[in-house]
Structure formats: structure tokens, C-alpha cells
Q: 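Please read through the structure below; I'll follow up with questions.
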Amino acid sequence: MFEALKEKNPGLSFYSVNDPEFKAYGRVVKMDLSDLGEAVAALPMPEAGKSAYEPSIPSLEACPSAAEVSRVLYGEMPSQAGCCWGYNSQMNALEWHQGSEINLAVGEPLVLLLATLFDLEDGKLDADKVKAFVLNPGEAIEVYGTTLHYCPCQVSDKGFKCLVCLPKGTNTALTKEHEDSRLTANNKWLLAHEDCKELLENGAFAGITGENWIVKY
């Protein structure tokens, strides 16, 4: 599968999260998150062609390892356990947070399209800076706060399911006016690709130029 992805996507650099190239973006987490994985697996898939994201899901946050994520990985800072799941193959945007994000692939492998804040030039990102990382089922990672990321991409017709743990309150609705048009939700700064009309029509900042990557499989 890994070699097939590289052959079908010659413009993208593909790596595993276990490769040294991932060190600039995050690290592999060695924790038993199997109960969270089972809770994610139980979530019904969205309709074909759609993806969903919920920042805080009670069935996930009831898992004992959700509390361990807060204790161990966030140093007892309040955190939330949610999920991004469904069907997606295109980058469209990249976002970042103040604080790390914990991801766990469930059921099927998935691809994360990543860049860093250090790749920005005059507040914008050239899509040539983006790299693709494969996350296999059962693998958990910490994505650093300096890493730009967004909705995972599927590598089969079955879609994807990805656990998303973040500092509590992240990705919830803003309650005040803000000068920075990149801030689209609580603790969520987003750069939309200049060709993604849906996001731009909703007021997103056009901050990514070049190829709007599509992961082919």
C-alpha cells in the first residue's frame, strides 16, 4: 500500500510516522489507547463522500485512557477526546492549535498532509512544502502545536476514522471578535487553499498556494 501511494502520487513526498522525517512534525506515542480505539470504531460512518468532526464525544471521554491522555500527555491540563471520520481525499486547508494534538488511526490506514509554521512565507504556505505521512491502524501520534494539519485522507473506499484529542475547548465556537481572520474557532487557526471555494465563501483566509493535493489510492 505504501509503495502504491508513492507511485500514484508522484508530486507528494510520502513517509511513515515512524520515519525520521516525522520528527519535525510530531512523535509516536507509546500508550495503550485500545479502549479509545474501540469507542471510535463503534461510531457510525457518515454518508458516502462526507466527513465529520466532533471535538468532544461522551463515549470517548468515558474511556479510562482518555483520562490518562490528560494526565500523561497534557500534564493534567484538561483535554477533550473527539473524532474526525468519514471520506476525504483532498487537502483543501491546513490548521494549527496552541498545544499538541493526539491522533490514533482506527480500522484503516490514513494519510496526514502536514507542514509547519516555519514553512510560512509572509503568512502564506506554498503547497510544495507539504509532506504526506501514513498512520496505520493502532498507531498513536502527538502532532506538535507548530504543525499544520487538517482532515485525514483515506487510502481505501472504506474511508477513515481518527481519534482527535486536544486541549479542552479547542475547535468550539468563538465568542468574541478577532483581528486575525485565520482564527476560525476556539484555538483554531486555519489557512484555506486559494481554490477551495467552500471554505473561502465561509470567510476563511486564502493562505495556501500551489497544488491542492489529492491523495490517490
Q: Give the intermediate values and the outcome of salt bridge (charged side-chain N to carboxylate O under 4.0 Å, His left out) for residues R71 and E76.
A: CA-CA 4 Å; R71 184 183 72 85; E76 297 191 13; over 6 Å; no
Q: So, taking the atom named OG in S51 and the one named OH in Y87, what distance separates them when rounded to the nearest 0.5 Å?
A: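 One gets 11.0 Å once the value is rounded to the nearest 0.5 Å.
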Q: Give a yes or no answer on whether the side chain of H97 reaches the backbone of G145 with a donor-acceptor pair at less than 3.5 Å.
A: no
Q: Show the numbers, then the answer: is there a salt bridge (charged side-chain N to carboxylate O under 4.0 Å, His left out) between K50 and E47?
A: CA-CA 6 Å; K50 302 291 186 180; E47 63 180 283; 5.6 Å; no
Q: Quick one: does Y74's side chain have a donor or acceptor within less than 3.5 Å of a partner on S100's backbone?
A: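 Indeed, once roles are kept as given, a pair shorter than 3.5 Å links the two residues.
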Q: Quickly, which of L104, V28, N18 forms a side-chain contact (heavy atoms from CB on, under 4.5 Å) with E139? Name it, please.
A: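 Option passing the side-chain contact (heavy atoms from CB on, under 4.5 Å) with E139: N18.
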Q: Does any N or O in the side chain of W96 come within less than 3.5 Å of the main-chain N or O of L190, such that one atom is a donor and the other an acceptor?
A: no
Q: Side-chain contact test, heavy atoms from C-beta onward, threshold under 4.5 Å: evaluate it for N186 versus T170 and give yes or no.
A: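 Side chain of N186 against side chain of T170, heavy atoms only: no contact under 4.5 Å found.
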Q: Search all heavy atoms of E61 against all heavy atoms of A81 and return the closest pair with its distance.
A: OE2-N, 3.0 Å
Q: Do S70 and P78 have side-chain heavy atoms sitting under 4.5 Å apart?
A: no
Q: Kindly compute the distance separating CZ (F22) from CG (L135), expressed to the nearest 0.5 Å.
A: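 F22 atom CZ to L135 atom CG measures 8.0 Å (nearest 0.5 Å).
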Q: Write down the atom of G123, the atom of L191, and the distance for their closest heavy-atom approach.
A: O-CD2, 4.1 Å
Q: Parallel, tilted or perpendicular: which fits the ring planes of F2 and F14, with parallel below 30° and perpendicular above 60°?
A: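 Aromatic pair F2/F14 classed perpendicular.
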Q: Please examine the side chains of F160 and V106, heavy atoms only from C-beta on, and report whether any two atoms are closer than 4.5 Å.
A: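 No; the side chains remain at least 4.5 Å from each other.
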Q: Ignoring hydrogens and angles, tell me if any N or O in the side chain of N212 forms a donor-acceptor pair with the backbone of H193 under 3.5 Å.
A: no
Q: For L113 and C153, what are the C-alpha separation, side-chain angles and deciding distance, and is it a side chain to side chain contact (heavy atoms under 4.5 Å, CB included)?
A: CA-CA 8 Å; L113 298 178; C153 294; 4.0 Å; yes
Q: In the structure I gave you, are the side-chain heavy atoms of V72 and M31 within less than 4.5 Å of one another anywhere?
A: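 In short, these two side chains touch, coming nearer than 4.5 Å.
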Q: About how many Å separate CG of L114 and CG of D119, when rounded to the nearest 0.5 Å?
A: 10.5 Å
Q: When you compare the side chain of V155 with that of L110, does any pair of heavy atoms fall below 4.5 Å?
A: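 Heavy-atom side-chain distance check fails, nothing below 4.5 Å.
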Q: If you measure from CG on L199 to CD on E194, what distance do you get to the nearest 0.5 Å?
A: 13.5 Å
Q: What distance do W85 atom CH2 and E54 atom CD have between them, rounded to the nearest 0.5 Å?
A: 5.5 Å
Q: Does K129 NZ have over 12 foreign heavy atoms under 6.0 Å away?
A: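 Atom NZ in K129 is not packed in, count stays at 12 or less.
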Q: Can a donor-acceptor pair be found between the side chains of Q90 and N88 at a distance below 3.5 Å?
A: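 The criterion, which ignores hydrogens and geometry beyond distance, is not satisfied for N88 and Q90.
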Q: Can you tell me how far apart OG (S79) and NZ (K168) are? Round to the nearest 0.5 Å.
A: 8.0 Å
Q: Is a side-chain donor or acceptor of S181 paired with a backbone partner of F205 at a separation under 3.5 angstrom?
A: no
Q: Between N103 and L163 (side chain of the first, backbone of the second, donor and acceptor by atom type, cut-off under 3.5 Å), is there such a pair?
A: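 Side chain of N103 to backbone of L163, a donor-acceptor pair under 3.5 Å: yes, one is there.
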Q: Is it the case that D126 and T209 place a side-chain donor and acceptor less than 3.5 Å from each other?
A: no
Q: Looking at M91 and Y150, what are the two nearest heavy atoms and their distance?
A: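 Heavy atoms only, the tightest pair is O-CD2, 3.5 Å.
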Q: Is there a side chain to side chain contact (heavy atoms under 4.5 Å, CB included) between I141 and L112? Walk through the geometry before answering.
A: CA-CA 11 Å; I141 56 172; L112 296 171; 3.6 Å; yes
Q: Is it the case that Y53 and N171 place a side-chain donor and acceptor less than 3.5 Å from each other?
A: yes
Q: What heavy-atom pair brings N136 and A105 nearest, and what distance separates the two atoms?
A: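 Where N136 meets A105 most closely, the heavy atoms are O-CB, 3.5 Å.
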Q: If I compare all heavy atoms of T147 with all of A24, which pair ends up nearest, and what's the gap?
A: OG1-O, 4.2 Å
Q: For D122 and K124, what are the C-alpha separation, side-chain angles and deciding distance, and is it a salt bridge (charged side-chain N to carboxylate O under 4.0 Å, His left out)?
A: CA-CA 6 Å; D122 297 323; K124 292 194 173 185; over 6 Å; no
Q: Any heavy-atom pair between the side chains of E95 and H149 that's under 4.5 Å?
A: yes
Q: Given 3.5 Å as the limit, does a donor-acceptor pair link the side chain of H178 with the main chain of L183, or not?
A: no
Q: For W213 and A127, work out which heavy atoms get closest and say how close.
A: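 The pair with the smallest heavy-atom distance is NE1-O, 2.9 Å.
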